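Structure record follows, encoded as structure tokens.
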Amino acid sequence: MTHERPTETAERAAFYEAIEPEGLTALWSVLGDIVTPEPKSPCVPFLWRFETVRSRLLEASEFISAKEAVRRVLILENPGLRGQSKVTTSLFAGVQLVMPGEVAPSHRHTQSALRFVLEAEGGHTTVGGERTEMAVGDFVITPNWEWHDHGNTSDAPIFWLDGLDIPLVQFLDASFAENLGEDEQPVGRPEGDSLARYGANMLPVGYEKRTPTSPIFNYPWERSREALEQMRRTEEWDPCHGLRMRYVNPVDGGWAMPTIAAFLQLLPGGFATTPYRSTDATVYVPVEGSGRSVVGGETFEWKPLDVFVVPSWCAVHHEPDEDAVLFSYSDRPVQEKLGLWRERRGNEHE
Ligand code: 1HN
């Protein structure tokens, strides 16, 4: 079903103009734009080089502190969505830098955040009273409305990718935010507490689920990477995804976050994936290896820590030159909850 706009006549044009100040619009004049036979997104495929983002952040660190900026982040803004602070229509992406000795002061907001650590020799975040050191490849969650502050007591800068559901929360007009008024929140539990309680394939007896977000807030790199390495021995390669794992909430097996899905996948060198499309626009971060991905017919050559975005319903396939590991995130949990998520494998109906 496609909707063609009825031909414009002088009578119709006059009618549209007459009803405009009355707060009215004729559905038949816009139907084709609002109900499309398949997704038509203003979001476009794009790749950001880590080298460029990294050096721009270091440049910014010479004129603004993490404290003054609140968060020293460069927004990865989709070229099709300029001025909107969006990487896709529903999600935010940015790269954050905390220099040695700096703190990013404690605040909380109704937006949920994920961090994927890109470069670090130290650095920490405290979330809801528990502190965690951040190492390269760690997947760290800040659930909505939890106090969070970051610091870096190492000698080297720390860079991570911030993925937030800012556009979703904005769309729903549900943004609330507060500053704690202190740089750092009090730490109430020992480091590693939540991983011990919830990350050992066990749960404390009597544990009751209170939030839709995973109680684990740091999924350490070694464990995730090791899972892929073990799995590869059975060579159950998916034609579209290689070996793709999703980060889960251990309490219910669902997504680790209510609004954002996160994945880690292994693609063996020389394995060209089959084209794939899905309605959840996806942000990818190659972590190991190099290669290229063809996104909507456009080729993006990537190296570790570059970031690229695949819009909704845009076909993507990957061509790793060597073994490659990709981290990715999307709004899939939201689409699934609403019964909207779809995928298509291969080139059917092209
Ligand atoms: C935020 O609070 C953080 O806490 C990072 O590190 C990025 C982007 C927009 C709004 C809030 C953080 C953010 C953010």
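Whatever order the structure lists them in is the order used to number ligands and atoms, beginning at 1. Here the structure is a predicted model, which is why all the values come from computation and not from measurement.
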Considering only the protein, which heavy-atom contact is closest to [atom], and what is its distance?
atom	answer
atom 4 (O) of ligand 1	Arg71 NE, 2.7 Å
atom 6 (O) of ligand 1	His150 NE2, 2.6 Å
atom 13 (C) of ligand 1	Leu164 CD1, 3.8 Å
atom 9 (C) of ligand 1	Ile166 CD1, 3.1 Å

Is the backbone N or O of [Y] less than 3.5 Å from a side-chain atom of [X], with the two atoms forming a donor-acceptor pair by type?
X	Y	answer
Gln265	Val325	no
Arg344	Tyr276	no
Asn152	Val98	yes

Show which atoms of ligand 1 fall inside a sub-4.0 Å distance from at least one heavy-atom site of [X].
X	answer
His109	1 (C), 2 (O), 11 (C)
Arg115	3 (C), 4 (O), 5 (C), 6 (O), 12 (C)
Phe92	8 (C)
Asp162	5 (C), 7 (C)
Gln96	5 (C), 6 (O), 12 (C)

Residue Met202 excluded, over 12 heavy atoms near CE under 6.0 Å: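 No.
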Set of salt bridge (charged side-chain N to carboxylate O under 4.0 Å, His left out) partners for Asp173, sequence neighbours left out: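 By the salt bridge (charged side-chain N to carboxylate O under 4.0 Å, His left out) rule, Asp173 matches no residue at all.
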Arg244 charged N/C atom sitting above Phe263 aromatic ring, 6.0 Å / 45°: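 Yes, a cation-pi geometry holds between Arg244 and Phe263.
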Cation-pi geometry met for Arg246 and Trp255 (6.0 Å, 45°):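 Geometry flag: set, cation within 6.0 Å and 45°.
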